[in-house]
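One structure is given below, encoded as structure tokens.
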Amino acid sequence: MEIFGIKFAPLYVPWKRRMETLSVAVWVFLLGFGNLCSVILTIYLLYCSQITRYLMLLYFVWMYYDWDTCDKGGRSERWINWFLNSAYVRNLADYFPTQLVKTVDLDPNESYLFCVIPHGIVSIGIAGSFMAHKSRYKKLFPGIESRVVILDQHFRIPFLREYTNLFGTISCHPKSVDYRLSMKPVPPYTGKATVLIVGGAAESLEITSRKESSSKGRRTRRNDSRPHLSIVNLEPWFASLTQRLAKTNVYDFSVVLDQPSRVLRFF
């Protein structure tokens, strides 16, 4: 259906697909504006009324107590499983055509560092394979618990940090990764895997804009995992979702990178 040149989704889209689209819209919104909205909500509740002010003070006490959770293995498995089995996360995962393909069997009694490439603009493949579709991951690699490493800033913002922790993620701070790799698996798991998305803003923009392979990103970030190889097994993973969703054709930064600004030079 098209009105004034704007194409709208047809009315006969199945209800399941609409719920998937809604879940993705919420996820993308929180990804882009979650930090700002959390700060605004915090300020509003502090000045809204005396009751909400006292509630926020109690929440700040909880934040102080829970501050290092992201650096000590993340939230407990019970809360994570409850959230990942919710309709919101299931619809979020079903929206994207993600597929986790196993090419080798892993010893369930070992510790692993999964280095996933490429980073991309948004690491959708990681969210679908290791966070949302954990039941699929558990069938392929039974006994190996996985936690995904993300930016530390997401754990420092009120309210948003609770949402982030429930995805089963940990901070990218070196002490957090070291703690995760050195800790023993929590029963019923016999092994553990730490998922590190190798790369960053510079690599994602460069690879996306040039429509090249991810070899350059691998070369520039190959030292990210080197300090941890003495205590774990390194396993490379390739997130082919970048190619399947044609993100290299959706985002084009070639003009921007040909004349880089100060912001891009910073990255």
Taking the six-membered ring for Trp, are [X] and [Y] parallel (under 30°), tilted (30 to 60°) or perpendicular (over 60°)?
| X | Y | answer |
| --- | --- | --- |
| Phe167 | Phe83 | perpendicular |
| Trp79 | Trp82 | perpendicular |
| Trp27 | Phe96 | perpendicular |

Does the side chain of [Y] come within less than 4.5 Å of [X]'s, by heavy atoms?
| X | Y | result |
| --- | --- | --- |
| Phe159 | Leu45 | yes |
| Arg161 | His154 | no |
| Lys16 | Asn91 | yes |
| Leu106 | Ile144 | yes |
| Glu110 | Lys192 | no |
| Ile197 | Val149 | no |
| Phe29 | Cys37 | yes |
| Tyr59 | Pro158 | yes |

When you look at Glu145 and Tyr137, which way does the side-chain hydrogen bond (donor to acceptor under 3.5 Å, both in side chains) test go after all the steps? CA-CA 9 Å; Glu145 179 195 19; Tyr137 167 83; over 6 Å; no
Determine whether [X] and [Y] fall in the same hydrophobic cluster, where Ile, Leu, Val, Met, Phe, Trp and Tyr are linked whenever their side-chain heavy atoms lie under 4.5 Å apart.
| X | Y | answer |
| --- | --- | --- |
| Leu160 | Leu58 | no |
| Phe33 | Val26 | yes |
| Leu57 | Tyr47 | yes |
| Val39 | Leu151 | no |
| Ile150 | Trp67 | yes |

Taking Arg90 first and then Asp94, would you say they form a salt bridge - that is, a charged N and a carboxylate O separated by under 4.0 Å? no
Check the pair Asp66, Thr69 against side-chain hydrogen bond (donor to acceptor under 3.5 Å, both in side chains), reporting the backbone distance first and the verdict last. CA-CA 6 Å; Asp66 191 60; Thr69 296; 2.4 Å; yes
Looking at [atom1] of [X] and [atom2] of [Y], how far apart are the two atoms once the value is rounded to the nearest 0.5 Å?
| X | Y | atom1 | atom2 | answer |
| --- | --- | --- | --- | --- |
| Thr169 | Arg147 | OG1 | CZ | 8.5 Å |
| Asp71 | Tyr179 | CG | OH | 10.0 Å |
| Ile170 | Thr164 | CD1 | OG1 | 13.5 Å |
| Leu92 | Met19 | CG | CE | 13.5 Å |
| Leu113 | Thr194 | CG | OG1 | 6.5 Å |
| Ser171 | Asp68 | OG | CG | 10.0 Å |

Which pair of heavy atoms, one from [X] and one from [Y], lies closest together, and at what distance?
| X | Y | answer |
| --- | --- | --- |
| Asp178 | Ser182 | O-OG, 2.8 Å |
| Arg17 | Val13 | CB-CG1, 3.7 Å |
| Ile80 | Asn165 | CG1-O, 4.1 Å |
| Cys70 | Ser176 | O-OG, 2.9 Å |

Please determine whether the number of non-hydrogen atoms from other residues, nucleotides or ligands lying under 6.0 Å from atom NZ of Lys184 exceeds 12. no
For the backbone of Ala193 and the side chain of Ser146, can you confirm whether one donor and one acceptor N or O come within less than 3.5 Å of each other? no
Short side-chain to backbone donor-acceptor contact, Arg53 and Leu46, under 3.5 Å: yes
Step-by-step side chain to side chain contact (heavy atoms under 4.5 Å, CB included) determination, Ser86 to Val89: CA-CA 6 Å; Ser86 65; Val89 179; 3.5 Å; yes
Test Phe60 against Thr42 for side chain to side chain contact (heavy atoms under 4.5 Å, CB included), laying out the working first. CA-CA 10 Å; Phe60 288 149; Thr42 301; 3.8 Å; yes
